[in-house]
There are 2 protein chains.
Amino acid sequence: MDIAEVAKASGLPASTLRFYEEKGLIHSSGRNGLRRSFNASVVERLALISLGRSAGFSLDEIAEMFTFDGPDINRAMLSAKADKLDRTIEELTAMRDGLRHAAVCKAPSHFECPKFLRLLRVAGKNRFRQPNKLKEIKPKRSV
Amino acid sequence: MDIAEVAKASGLPASTLRFYEEKGLIHSSGRNGLRRSFNASVVERLALISLGRSAGFSLDEIAEMFTFDGPDINRAMLSAKADKLDRTIEELTAMRDGLRHAAVCKAPSHFECPKFLRLLRVAGKNRFRQPNKLKEIKPKRSV
DNA sequence: ACTTGACTTTAAGTCGACTTGAGCTTTTAT
DNA sequence: ATAAAAGCTCAAGTCGACTTAAAGTCAAGT
């Protein structure tokens, strides 16, 4: 596959694919003249990468998950990541419940609603920071 | 409360509090000479902000949630955010299951494991991008 | 032969969310 | 009275994840 096909199949721009290759997250199978050629399995790998990104892992963390050198080390890490995700899911669930409640709550301010404040406290246990805005993927850009 | 107390209570550095104030996410109740003074409710508001951040909302989105001007508009938006979160939670759950499975899977490569690949596909439906790395909060910095 | 369009590289730019530094003022402790 | 600690403002810097621009290469169609 050439880069445009992979881009289309994965929904990622070619620039991102080059960037990922440079970071070692994917590999091209060789060159066709100048041009990279990829084999089809890269599309699944990209799906996994996108998934990992959407789960809040950084590219570096995802790269770690791909190093299948020490099988035990790796299994342990995968479990650890899963646990981390579990905590995140709990928080998001609390947040979601808080939002749903806020949407119907009669209290003049959410800060005056005991139910909401309780959710706040529950959810705030394992807090962490997250830098940027979530953007929708634009699978195709025409310009 | 002065800024240091709020910082301690919220786990956020003073610089962040000033930054949030500048963005209109929080307000100081006045000045004590030069110094800002906050009333205690700001701590809850900050908890809510942190929670929102950890749920993947940008500061701008969180600011939107705080504008309780049009009650209907706002309720609709809160519901919309909750729905968005629901989709995220679904994805994260799939990702977590994928990771847990990968941690025990016998297949030589995860890409050769049908169970894993199925999870991939399920999880990849509503994909979105998320820019940065999650960092732990360091509540105290000594330098 | 030549233009077009897809691809290439490298460097620089962008974006959100903060952080850091410089230089000043004010409060507090000795 | 004075020095350290804590605040302040404003500008600039940082970080991760890409994106964009500039300038060049190359195969294919007219």
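In what follows, chains carry the letters A, B, and so on, assigned in the order in which the sequence lines appear, proteins first and then strands, with residues in each chain numbered from 1. Being a predicted model, the structure only gives us computed values, none of them experimental.
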Just to confirm, is there a sub-4.0 Å distance from OP1 or OP2 of dC26(D) to any side-chain nitrogen or oxygen of Arg31(A)?
-> no

Tell me which of Phe19(A) and Ile3(B) sits closer to the 5' end of DNA chain D, going by the nucleotide each one is nearest to.
-> Ile3(B)

Using a 4.5 Å cut-off on heavy atoms from C-beta on, say whether the side chain of Lys81(B) contacts that of Met77(B).
-> yes

Would you indicate what Ala14(B) reaches in the nucleic acid, counting non-hydrogen atoms under 4.0 angstrom: base, sugar-phosphate, or nothing?
-> nothing

So what does Gly33(A) touch, heavy atoms closer than 4.0 Å: a base, only the sugar-phosphate, or nothing?
-> nothing

Using a strict cut-off of less than 4.0 Å between a Lys/Arg side-chain nitrogen and an Asp/Glu carboxylate oxygen, indicate whether Arg31(B) and Asp2(B) qualify as a salt bridge.
-> no

Quickly work out the Met1(A) CE to dA6(C) C1' distance and round it to whole Å.
-> 16 Å

Does the pair Met95(B) and Leu85(A) meet the rule for a side chain to side chain contact (heavy atoms under 4.5 Å, CB included), with working shown?
-> CA-CA 8 Å; Met95(B) 178 76 179; Leu85(A) 259 186; 3.4 Å; yes

Could you tell me whether Arg18(A) contacts a base, only the sugar-phosphate backbone, or nothing, with contacts defined as non-hydrogen atoms closer than 4.0 Å?
-> base

Tell me whether the OP1 or OP2 atom of dC18(D) has a side-chain N or O from Tyr20(A) closer than 4.0 Å.
-> yes

Between dG16(C) atom C1' and Ile62(B) atom CD1, what is the distance in whole Å?
-> 12 Å

Round to a whole Å and report the spacing from CG of Leu17(B) to P of dA6(D).
-> 16 Å

Short N-O contact, Arg96(A) and Asp83(B), less than 4.0 angstrom = no

Any Arg36(B) side-chain nitrogen or oxygen under 4.0 Å from OP1 or OP2 of dC8(D) | yes

Separation of Glu64(B) atom CD from dG16(C) atom C1', in whole Å?
-> 15 Å

Would you say a side-chain N or O of Ser15(B) is under 4.0 Å from OP1 or OP2 of dT19(C)?
-> yes

